[in-house]
Amino acid sequence: MKYDFSEIEKKWQQIWDEQKAFAAENDFTKPKYYALVEFPYPSGQGLHVGHPRSYTALDIVARKRRLEGYNVLYPMGWDAFGLPTENYAIKNKIHPEIVTRQNVARFKQQLKSLGLSFDWDREINTTDPEYYKWTQWIFLQLFKKGLAYKKEMSVNWCTSCKVVLANEEVVNGVCERCGGEVVHKVKSQWMLKITEYAQRLIDDLNDVNYIERVKTSQKNWIGRSTGAEVDFDTTAGDKLTIYTTRPDTLFGATYMVISPEHPYIEKWADKLENPEEIKAYQAEAAKKSDFERTELAKEKTGVELKGVCGINPVNGKEIPIFISDYVLVSYGTGAIMAVPGHDTRDYEFAKKFGLPIVEVVQGGDITKEAFTDCETGVMVNSGMLDGMTVEEAKKAIVSWLEKEGKGHPKVNFKLRDWVFSRQRYWGEPIPIVYCEKCGYVPLPESELPLRLPEVDSYEPTEDGESPLAAIDSFVNTTCPHCGGPAKRETDTMPQWAGSSWYFMRYCDPHNQNELASKEALDYWLPVDWYNGGMEHTTLHLLYSRFWHKFLYDIGVVSCKEPYAKRTSHGMILGENGEKMSKSRGNVVNPDDIIREYGADTMRLYEMFIGDFEKSAPWSTSSIKGCKRFLEKVWGLQDCLTEGDAYRPELETVFHRTIKKVSEDIESMKFNTAIAAMMALLNDITDTGTINRREYTDFITLLNPFAPHITEEIYHQLGNSGLLAKAAWVRYDPAKCVEDTVEVAVQVNGKLRGKINLATGVSKEAAIAVAKADAKIAGVLNGKIIVKEIYVPGKIINIVVK
RNA sequence: GCGGUCGUGGCGGAAUCGGCAGACGCGCUACUUUGAGGUGGUAGUGGGACAUCCCGUGGGGGUUCAAGUCCCCCCGACCGCACCA
């Protein structure tokens, strides 16, 4: 019988659909398991071969859990708001809603053809008003708690298109579409106070099972540092506050630097002697991104603010103040004290501008480079701090500053508040009304969802406002508070909004009255296993943890953290080892693979391709190996015998393989799980037959990986129900051990032979057997034995002179 | 620049705690089957004048009876960096 994968796959996908085989039950008394993968952005290109890597992996986990008896929730949906759809809609004059519908239909058909066991009854879409109603509701709660506020922020502004650009649309400092000059422009933007949660977002990482590199990335991104804020008096008669992590080096501060956007430049305008130079520098800085500005490799630039000096609080010395783009207005206070002796960037700057470099920590050679090691140094040239270690000096100076009223200890985070406004059409409207009398007023919850208005043009307006600003019927409204005339907020939310809480909606996706019922949330949350890309670690993952914590604070959810476990898959690269992209011409279309090899082979190959956590290049020729494996599994039907127990020669290898596959799935080592099944198959085919028990167990083990073929074989074996609903195979640990083991024998660390030993023999007996071996005896002849090492089941090493 | 990851045959990759490097698969070679095609099977496959020896996990040092694995230095590659998602 031929293995007709396309027939088999179509047949079982239809049966699973009809029977709703993978629908999560609403029986909250059963043990639950919530497996989650990041829902895709339904782009116009269709599914990428990278998507199924993550989806298949957790599909394997979900299917195994069902076989183990859990009530499993494995849902899927669409993160469909966003820039590419909007740009496509503008270009082709199609409504983004229609574009989205088409893309979703294509993605869904592609996902279904992979045989993924999603519960399609719980499908969600962030652009559905019934969904974004609750995204808006969450925003209102944030607003009411003071966590949403307006702030002047700089945006990328294309001077020729007159449009606010996303960072991605700025390439080498010019507009991606027209090549026009891009500058920073200040706009009033909605912000979310994620910084208020910074400490908790770090602390609660202790309570979750995330892979270590995810935790590390999040911690570094949040970037907690302890230091001090210090007030420097200025000759302008005011105080300039700086933030430093090295208050111990205060005596070494020989100048100050403020960011080109610092408000004091305006404030000191009448005292500054070189305003033109300063203005020119500010204009230059406005063209650069933070990334370009802080690049250490680049030459330091800056301009002295002539006419105003700072006064070092510890020694009263007047020191110059510069503006330079390596100081960012968004971090700390936007101003620093520069200690060139002990900071690399300050050192370079001082060298370039001929500023004095004073050594205040001994231990390095500051004529060559800045000495930044704070472990070993001793304070010098620092008055009362002389002789102290850096650690002691930090404490001493901070308490002195506090006593003098010139500073205080300060914890700072690199994490910045979340810019929540977009001047775009295809996003959730922000449900706020601006009233001249009452200010920013939240829309009453009863008016949600605030729908996107139907329009013909999605182009932003001339002055960079959102397209919604051009629609008078949308903008003009009445104030919910005083009833007077008012204007709606016209900015929309970023794509991150809808994805920050979607895992909650899956718990109760059709609820009309709440984002999800408390009962459903309490049962399903937290997500037991969440897999996604490393690129989402610092934005999506952090944003959704922040929203979850907020919803915990207001009593919507009962657990502090949304995801109990987070893992991450590596990227699938093109055959040439580079990232797959249209421009590189190395894109593999999953549809072609499924058509030619079938979904089971595709799934198996994606799991076999390499270490799940690492990136791996696609290889069309390697797929054949997985196809051959499945064909052999299929072919076993022709050599079936009766029998309800493993044959003795296969017993150990069966138990071992079941153990290995069971454990490897849990630790994401899908590649070695498949290798073990291939090895077991080789052992079976060596015997020429397979009995019913062996075959049934083998296909059960393989079922989560290749669900269609195994379901069909199960059916062919005369079973009536679904294999997907049968029971997972068990192993007996006692039967995983062989009676004898082969042990390598080394002399002086070099392999000289191998011996067979009964498992559990003593060291003495083992070494005696080794010495009795003719070859080993020959090597040992005439040598003096210095040491004998025996590692049971592994190795014997005899050290001789 | 900051942060993260990685370097093993011709290729993808294995190698719980430091214990036989190269599992499993691709490719290749020989034979074989079917007859033809890109099918199936058997055997071989890290390198070296390749029968028991020597060398081999990016490079150099170190620790150890024993190092792909631990430590130090160097080289190289990849990913993210807040309005792409």
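Note: hydrogens, waters and symmetry copies are ignored here, and every other heavy atom, side chains too, is used. Only a predicted model underlies this, so the values are computations on that prediction, with no experimental measurement involved. Lettering follows sequence order; numbering is per chain, from 1.
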Check: Roughly how many Å is it from CG in A:L328 to P in B:G1, rounded to a whole number?
Finding: 16 Å
Notebook entry, point to check: Is it true that atom OH of A:Y88 has more than 12 heavy atoms of other residues, nucleotides or ligands lying nearer than 6.0 Å?
Noted result: no
Check: Taking a pair as Watson-Crick (N1 to N3 plus N6-O4 or O6-N4) or G-U wobble (N1-O2 and O6-N3), both under 3.5 Å, which stems of 3 or more consecutive pairs involve RNA chain B?
Finding: B:1-7 with B:75-81, B:10-12 with B:24-26, B:27-32 with B:40-45, B:46-48 with B:53-55, B:58-62 with B:70-74
Notebook entry, point to check: Atom CZ of A:F413 to atom C1' of B:C81: distance rounded to whole Å?
Noted result: 19 Å
Check: Tell me the salt bridge (charged side-chain N to carboxylate O under 4.0 Å, His left out) pairs involving residues 534-547 of chain A, sequence neighbours left out?
Finding: A:R545-A:E561
Next item on the list: Enumerate the residues from residues 530-538 of chain A whose closest heavy atom to RNA chain B is under 4.0 Å, giving them by residue number; use none for an empty result.
Entry: A:E535, A:H536
Margin query: Both A:E663 and A:N748 contact RNA chain B. Taking the nearest nucleotide for each, which residue is further toward the 5' end?
Written below: A:E663
Item checked: Sugar-phosphate or base contact per nucleotide [nucleotides 19-30 of chain B; S, B, -; heavy atom under 4.0 Å] -> BB--BBSSS---
Note to self: So if I take every side-chain heavy atom of A:K775 and compare against B:C6, B:U52, B:G80, which nucleotide ends up nearest?
What the structure shows: B:U52
Next item on the list: Scan side-chain atoms only and decide if A:N531 and A:T567 contain a donor-acceptor pair under the 3.5 Å cut-off.
Entry: yes
Next item on the list: Scan residues 783-801 of chain A for pairs that pass salt bridge (charged side-chain N to carboxylate O under 4.0 Å, His left out), counting only residues two or more places apart or in two chains.
Entry: A:K771-A:E788
Notebook entry, point to check: What integer number of Å spans the C1' atoms of B:C24 and B:U34?
Noted result: 28 Å
Note to self: Working to the nearest 0.5 angstrom, can you tell me the gap between A:I336 CD1 and A:R246 CZ?
What the structure shows: 13.5 Å
Margin query: Over all strands shown, is A:K669 touching base, sugar-phosphate only, or nothing at heavy-atom distances under 4.0 angstrom?
Written below: sugar-phosphate
Notebook entry, point to check: With nearest nucleotides of RNA chain B determined for A:Q495 and A:N220 from heavy-atom distances, which residue corresponds to the more 5′ nucleotide?
Noted result: A:N220
Can you name the atoms? Protein N/O to nucleotides 54-56 of chain B N/O, anything below 3.5 Å, with the distance.
none

Check: Is A:S615 touching bases, backbone alone, or none of the nucleic acid, heavy atoms closer than 4.0 Å?
Finding: sugar-phosphate
Check: Ring centres of A:W618 and A:Y605 under 6.0 Å apart?
Finding: yes
Check: Does A:R416 place a side-chain N or O at less than 4.0 Å from the phosphate oxygens OP1/OP2 of B:A82?
Finding: no
Note to self: Between A:F612 and A:R53, does the side-chain contact (heavy atoms from CB on, under 4.5 Å) criterion hold? Intermediate values first, please.
What the structure shows: CA-CA 8 Å; A:F612 181 67; A:R53 195 181 197 190; 4.0 Å; yes
Check: What does A:L83 touch in the nucleic acid at a heavy-atom separation under 4.0 angstrom: a base, only the sugar-phosphate, or nothing?
Finding: sugar-phosphate
Check: Where does B:C50 fall, syn or anti, if syn means a chi angle no more than 90° from 0?
Finding: syn
Check: Among all residues two or more places apart in sequence or in another chain, which pass the side chain to side chain donor-acceptor pair (under 3.5 Å) test with A:S421?
Finding: A:D491
Margin query: When the P atoms of B:A15 and B:U69 are compared, how many Å lie between them, rounded to an integer?
Written below: 16 Å
Note to self: Closer than 4.0 angstrom, basic N to acidic O: yes or no for A:K352 and A:E348?
What the structure shows: no
What donor-acceptor contacts under 3.5 angstrom involve side-chain atoms of residues 76-86 of chain A, with partners at least two apart or in another chain?
from, atom 1, to, atom 2, distance (Å)
A:W78, NE1, A:E123, OE2, 2.8
A:D79, OD1, A:Q495, NE2, 3.3
A:D79, OD2, A:Q495, NE2, 2.2
A:T85, OG1, A:Y41, OH, 2.6
A:E86, OE1, A:Y425, N, 3.4
A:E86, OE1, A:W426, N, 2.9
A:E86, OE2, A:Y425, N, 3.1

Note to self: Going by side chain to side chain donor-acceptor pair (under 3.5 Å), name the residues that satisfy it together with A:R628, two or more places apart in sequence or in a different chain.
What the structure shows: none
Next item on the list: For A:K614 and B:U5, give me the distance from atom NZ to atom P, rounded to whole Å.
Entry: 12 Å
Check: When we call it a touch if two heavy atoms are under 4.0 Å apart, what does A:L415 touch: a base, just sugar-phosphate, or nothing?
Finding: base
Item checked: Touch class at under 4.0 angstrom, heavy-atom based, for A:V155 against every strand present -> base
Check: Looking for any heavy atom pair under 4.0 Å, which part of the strands does A:E613 touch: base, sugar-phosphate only, or nothing?
Finding: nothing
Next item on the list: Report the distance from atom CD1 of A:I776 to atom C1' of B:C65, rounded to the nearest whole Å.
Entry: 15 Å
Check: From the list B:G4, B:A85, B:A14, which nucleotide is the closest neighbour of the side chain of A:S217?
Finding: B:G4
Next item on the list: Just compare B:C65, B:G4, B:C79 and give me whichever is closest to any side-chain atom of A:M571.
Entry: B:C79
Note to self: Just to verify, what does A:Y502 make a side chain to side chain donor-acceptor pair (under 3.5 Å) with, not counting sequence neighbours?
What the structure shows: A:Y530
Notebook entry, point to check: Which pairs, with at least one residue in residues 663-678 of chain A and sequence neighbours excluded, count as a salt bridge (charged side-chain N to carboxylate O under 4.0 Å, His left out)?
Noted result: A:K64-A:E666, A:R65-A:E666, A:K659-A:E663, A:K660-A:D664
Next item on the list: With heavy atoms under 4.0 Å as the rule, sort A:K414 into base, sugar-phosphate or nothing.
Entry: base
Check: Does a side-chain N-to-carboxylate-O contact under 4.0 Å join A:K187 and A:E465?
Finding: yes
Check: Taking only residues two or more places apart in sequence, or in another chain, which ones meet A:D592 in a side chain to side chain donor-acceptor pair (under 3.5 Å)?
Finding: A:R595
Next item on the list: Give A:Q189 one of three labels, base, sugar-phosphate or nothing, depending on what nucleic acid heavy atoms sit under 4.0 Å from its own.
Entry: base
Notebook entry, point to check: With a non-hydrogen cut-off below 4.0 angstrom, is A:P617 in contact with a base, only sugar-phosphate, or nothing?
Noted result: sugar-phosphate
